[in-house]
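Note that the numbering runs from 1 along the sequence shown for the chain.
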Amino acid sequence: WALAKISRAKFDIGPAVSDLVGVLASSQDYDEPRKEAAKALLHHAEKSPKARGRVLETIATAKLDPGRKEVKRFLDKLHGL
């Protein structure tokens, strides 16, 4: 939650991208952390082509489960940017 707010406030959350992708890839049953990580990553990716590239590069090496609703929505929105 906090990182999504920080990202919207024009702060650079670039150093946290890999950790946020790790949360998105988590196998925990609780969905809220994945939703918040997805929000923060999308806000960061919208800031610039460089930020978007970093997010894309990081998710390329992650084992995301596209069967999870939050992950599928995130990927759809990210590729739509």
Does the side chain to side chain contact (heavy atoms under 4.5 Å, CB included) test come out yes or no for Leu41 and Val17, once each step is laid out?
CA-CA 7 Å; Leu41 288 165; Val17 166; 4.0 Å; yes

Tell me whether Lys39 is salt-bridged to Glu36, with the criterion being a basic N under 4.0 Å from an acidic carboxylate O.
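Glu36 and Lys39: salt-bridged.
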
Do the side chains of Arg34 and Asp31 get close enough for a salt bridge, i.e. N-O under 4.0 angstrom?
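Asp31 and Arg34: salt-bridged.
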
Enter the distance from Leu64:CG to Ser26:OG here, rounded to the nearest 0.5 Å.
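Spacing of CG (Leu64) from OG (Ser26) equals 11.0 Å.
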
Closest heavy-atom contact between Val23 and Ala37?
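Nearest heavy atoms, Val23 then Ala37: CG1-CB, 3.9 Å.
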
Please evaluate residues Leu20 and Thr58 with respect to the criterion side chain to side chain contact (heavy atoms under 4.5 Å, CB included), reporting the C-alpha separation (whole Å), side-chain torsions for both, the decisive distance (0.1 Å), and the verdict.
CA-CA 10 Å; Leu20 289 168; Thr58 306; over 6 Å; no

Within the 4.5 Å heavy-atom criterion, are Val21 and Phe74 side-chain neighbours or not?
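When only atoms from C-beta onward are counted, Phe74 and Val21 do not touch, as no gap falls below 4.5 Å.
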
Arg68 side chain near Leu24 side chain, heavy-atom distance below 4.5 Å:
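Sidechains of Leu24 and Arg68: no contact.
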
Check whether any side-chain N or O of Arg52 sits under 3.5 Å from a backbone N or O of Lys47 as a donor-acceptor pair, and report yes or no.
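No: the side chain of Arg52 does not pair with the backbone of Lys47.
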
Under a 4.5 Å side-chain heavy-atom rule over Ile, Leu, Val, Met, Phe, Trp and Tyr, are Leu75 and Leu42 clustered together?
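Same hydrophobic cluster.
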
Stepwise side chain to side chain contact (heavy atoms under 4.5 Å, CB included) test for Leu56 and His79:
CA-CA 9 Å; Leu56 287 169; His79 293 297; 3.8 Å; yes

For Gln28, does the CD atom have more than 12 heavy-atom neighbours from other residues, nucleotides or ligands under 6.0 Å away?
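No, the 6.0 Å shell around CD holds no more than 12 heavy atoms from other groups.
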
